[in-house]
Amino acid sequence: LFNVPVPMRDGVNLSADIYLPDAPGAFPTVLNRTPYDNSTQNHADLGGFYAQRGYVYVVQDCRGRYDSEGVFYSYHDDAMDGYDTQEWIGGQPWCNGSIGTSGESYGGHTQWMPAPLGSRYLKAMVPRVTPSDIWKEDAYSAGVFRLALGLFWGLRHSGRTRQNADVHDWDQVFRSLPLIEADRQAGRDVKFYQDWVIHSTYDDYWRQVSNLDKYHEIDVPIFHMAGWFDAYTGGALINFNGMVLQGRTPETRRGQKIIIGPWHHNLSASTMSGQLDFGPQSMVDLRALELRWFDYCLKGIDNGIMDEPPIQLFVMGENVWRGEHEWPLARTQHSSYYLHSQGGAGRFVSDGSLTTEPPGDEPVDRYVYDPENPVPTWGGTFHDPAVVKIGPWDQRPIEAREDVLGYTGPVLEKDVEVTGTVVAKLYVASSAPDTDFTARLIDLYPDGRAMYVCEGVIRTRFRESDEHPTLMEPGQVYELTIKLEVTSNLFKQGHRIRLDITSSNYPRNDRNPNTGHPFGMDAEMRVAEQAIHHTAQPPSHLVLPIIPRD
């Protein structure tokens with residue numbers, strides 16, 4: 001049944017395509033709400049897949065997208081629209097009163113938003129690659145604007161249908177200043193993009209679309225799916241833990257599962273991620289796994305899925321799957337690796353070292369950050385490889401720059417597993433009142449390859465608070481805590497562990513202009529002189545979540 005109007009409480013009709021089993025009766029229903037067009041071949045395939053297995057499959061265009069009425073405004077309409085849709089489905093003769101929701105990325109957001117409203121028909125969820133909080137993990141990260149994602153996604157989805165990305169010179173678009181006008185300089189007027197720039201601090205605008213304070217209201221078993229090279233994996237683990245610890249009922253708290261593979265945003269699409277091949281064992285049939293979840297939750301089939309460990313994670317380097325029961329792993333040993341150099345970590349990578357011994361009286365490492373010449377994005381977590389490289393890439397082209405510091409550990413005498421949240425504790429100074437610092441964990445191979453593992457960033461004005469930013473005094477030393485997201489990587493015997501530090505990652509992140517001015521409102525840029533301090537006081541260091549292998 002194509003283009004079926006589903007009425008919302010304000011009179012707007014949203015368009016749904018409905019795939020029914022070729023049999024009489026009422027069936028459990030799988031709902032997918034998407035801003036990306038419900039008439040694609042993928043949804044037709046999913047419709048056939050589920051209908052042939054005794055489910056109704058409903059895929060709906062979000063408000064203001066494709067065949068649905070209304071105006072699309074990213075994120076903020078999906079709670080009520082999702083709830084109203086679930087209530088409508090539950091009252092249809094072809095639905096037996098049980099709904100499971102499915103979808104990835106924004107299609108995961110459309111599942112989370114209505115969940116706290118508590119439709120009596122909602123019985124299961126499977127969100128893929130979805131953040132826990134839009135400000136903290138999507139639009140911004142520690143106060144740094146996710147430029148490529150925000151501007152690229154905003155321009156592509158500024159109309160009723162997906163806009164052609166090929167008409168833009170993306171480097172020119174990303175360099176547009178001031179950022180508040182970047183959409184209009186590219187020929188489009190995107191209200192929600194402008195509001196993202198205006199709301200540069202964590203305020204009620206973002207809290208309205210956050211999961212963080214709503215887990216206790218949610219009474220749904222959830223199978224979370226994520227990838228180590230997706231931007232939202234830290235958020236997926238926050239969602240998982242939030243439900244395990246705060247879900248509305250004991251049964252719901254027990255009914256949480258998560259799988260994390262060596263994948264980027266498009267989960268389990270290839271054995272390759274970036275420049276590494278993780279082997280055929282890295283591939284998982286996620287559609288079959290989702291079906292098992294719905295069979296258990298919606299049909300009551302005891303298929304053994306609840307007997308399996310709640311966490312399935314892929315240990316990269318070793319390239320094996322492993323079941324776990326809690327996050328972070330209870331056996332984690334948090335180990336500090338201290339930064340050392342004779343002041344040359346920015347000129348000669350070999351001068352910067354990383355050891356378990358605290359530093360003594362050592363000179364400061366310095367470099368110059370020029371926002372007109374930012375360090376380019378070279379791998380990492382992102383959504384679209386057409387915009388930037390994603391996944392694990394060899395960082396040697398980046399490390400050759402004078403504005404990148406490198407600190408390298410000794411050759412490993414045995415395997416070292418790092419599984420958990422990686423943290424860099426840095427003591428920094430800058431000539432600027434506001435600037436950025438990024439930290440990147442590298443697996444240095446014996447053949448010289450410097451492979452990306454994970455990274456983090458912080459805008460210094462947000463060092464104390466997401467809600468109330470404060471500028472720095474130029475030249476004063478400040479303590480920064482940078483979360484390098486999450487990973488599971490086996491650094492093999494003969495490899496080395498490296499930490500790279502710099503101040504830009506463009507265009508994944510916006511360029512901090514170093515002025516301290518209100519975000520996104522002007523075009524002025526200044527050069528900043530940066531300093532990393534590593535002495536007995538203060539001892540800059542990397543904290544690795546080591547998993548014992550003995």
Side-chain angles (χ1 to χ4, degrees), residues 30-38 40-43 45-47 49-50 55 57-60 62 75 78 82 99-115 122-134 137-138 149 153 209 211 218 220-243 255-270 273 282-298 305 310-314 321 327 381-385 390-391 485-486 488:
V30 175
L31 169 64
N32 188 318
R33 302 189 63 253
T34 177
Y36 302 127
D37 188 1
N38 69 355
T40 63
Q41 185 62 49
N42 178 60
H43 287 301
D45 292 344
L46 283 169
F49 175 83
Y50 275 110
Y55 292 87
Y57 182 74
V58 177
V59 55
Q60 181 185 70
C62 287
Y75 302 130
D78 294 299
I99 297 173
T101 58
S102 175
E104 61 187 18
S105 196
Y106 198 105
H109 171 80
T110 65
Q111 299 178 63
W112 280 105
M113 286 297 97
L122 180 62
K123 303 296 174 59
M125 292 166 50
V126 186
R128 302 189 191 187
V129 291
T130 305
S132 66
D133 185 280
I134 300 298
E137 299 145 8
D138 184 79
L149 175 60
W153 194 91
V209 291
N211 302 340
I218 299 175
V220 187
I222 303 172
F223 206 129
H224 316 249
M225 298 183 177
W228 293 125
F229 300 109
D230 179 60
Y232 302 144
T233 302
L237 283 160
I238 291 172
N239 284 331
F240 170 79
N241 271 347
M243 291 302 302
Q256 303 300 312
K257 287 186 173 288
I258 188 168
I259 184 171
I260 310 173
W263 313 314
H264 45 72
H265 199 61
N266 190 8
L267 298 184
S268 198
S270 169
S273 185
S282 69
M283 299 291 287
V284 175
D285 187 343
L286 296 179
R287 181 185 292 187
L289 186 58
E290 181 176 270
L291 177 65
R292 284 186 69 206
W293 187 244
F294 288 147
D295 280 349
Y296 172 77
C297 295
L298 304 184
I305 197 167
I311 301 172
Q312 292 291 331
L313 57 83
F314 190 88
W321 287 98
W327 186 270
T381 60
F382 191 64
H383 299 69
D384 196 325
I390 58 177
E485 290 297 341
V486 293
S488 182

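When reading the values below, keep in mind they use all heavy atoms of this one structure, side chains included, and skip hydrogens, waters and symmetry mates. Everything quoted here is computed from the prediction, not taken from an experiment.
One distance of note links CH2 of W327 with CZ of F240; it measures 10.5 Å at 0.5 Å rounding. The OH atom of Y106 lies 8.0 Å from the OH atom of Y36; values are rounded to the nearest 0.5 Å. Separation of atoms CG (D138) and OH (Y75) is listed at 3.5 Å; rounding is to 0.5 Å. Y55 contributes atom OH, which lies 5.5 Å from atom CG of L298 (distance to the nearest 0.5 angstrom). Between atom CE of residue M113 and atom CG of residue N211 there is a gap of 4.5 Å, rounded to the nearest 0.5 Å. Of the inter-residue distances, the one linking I311 atom CD1 with N241 atom CG reads 7.0 Å to the nearest 0.5 angstrom.
Taking every heavy atom of both residues into account, N32 and G103 meet most closely at ND2-CA, 3.6 Å. Heavy-atom minimum distance, H265 versus S105: NE2-OG, 2.9 Å. Residues A236 and H224 come closest through the heavy atom pair O-ND1, 4.1 Å. The two atoms that bring L122 and A115 nearest to each other are CD2-CA, 4.1 Å, heavy atoms only. In terms of heavy atoms, S102 sits closest to V30 at CB-CG1, 3.9 Å. Taking every heavy atom of both residues into account, V209 and I134 meet most closely at O-CG1, 3.8 Å.
Legend: residues meeting side chain to side chain donor-acceptor pair (under 3.5 Å) with S488, ordered by chain and number and at least two apart, are T419. Residues that satisfy the side chain to side chain contact (heavy atoms under 4.5 Å, CB included) test with Q111, not counting sequence neighbours, are T101, M125, P127. The side chain to side chain donor-acceptor pair (under 3.5 Å) check on D45 picks up Q41, with sequence neighbours excluded. Residues satisfying the side chain to side chain contact (heavy atoms under 4.5 Å, CB included) criterion with T381, sequence neighbours excluded, are A231, Y452, R508. Partners of D78 under the salt bridge (Lys or Arg N to Asp or Glu O under 4.0 Å) rule, at least two apart in sequence or in another chain, are R33. Taking the side chain to side chain contact (heavy atoms under 4.5 Å, CB included) definition, one finds that S270 meets it with M272, sequence neighbours left out.
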**OP:** Decide side chain to side chain contact (heavy atoms under 4.5 Å, CB included) for L267 and L286; before the verdict, give the C-alpha distance in whole Å, the side-chain angles of both, and the deciding distance to 0.1 Å.
**Re:** CA-CA 8 Å; L267 298 184; L286 296 179; 3.6 Å; yes
Original post:
Stepwise, does the side chain to side chain contact (heavy atoms under 4.5 Å, CB included) test hold for E137 with I238?
Top reply: CA-CA 11 Å; E137 299 145 8; I238 291 172; 3.6 Å; yes
Subject >> T34/H43 under side chain to side chain contact (heavy atoms under 4.5 Å, CB included): CA gap, chis, key distance, verdict >> reply: CA-CA 10 Å; T34 177; H43 287 301; 4.0 Å; yes
Subject >> Worked check of side chain to side chain contact (heavy atoms under 4.5 Å, CB included) between W263 and V284 >> reply: CA-CA 11 Å; W263 313 314; V284 175; 4.0 Å; yes
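Not one N or O on the side chain of N266 forms a donor-acceptor pair closer than 3.5 Å with the backbone of A269. Judged purely by atom type and a 3.5 angstrom limit, K257 has no side-chain atom pairing as donor or acceptor with the backbone of W293. The closest donor-acceptor contact from the side chain of T110 to the backbone of G108 lies at 3.5 Å or more, if one exists at all.
You'll find the side chain of W112 reaches within 4.5 Å of the side chain of I222, heavy atoms only. When side chains are defined from C-beta on, H264 counts as touching S273, because their heavy atoms get closer than 4.5 Å. Considering only heavy atoms from C-beta on, E485 stays 4.5 Å or farther from T233 through its side chain.
By the neighbour-count criterion of 12 heavy atoms within 6.0 Å, atom OH of Y296 is sparsely surrounded, having that number or fewer from other residues, nucleotides or ligands.
Of the N and O atoms on the side chains of E290 and Y50, at least one donor lies less than 3.5 Å from an acceptor on the other residue.
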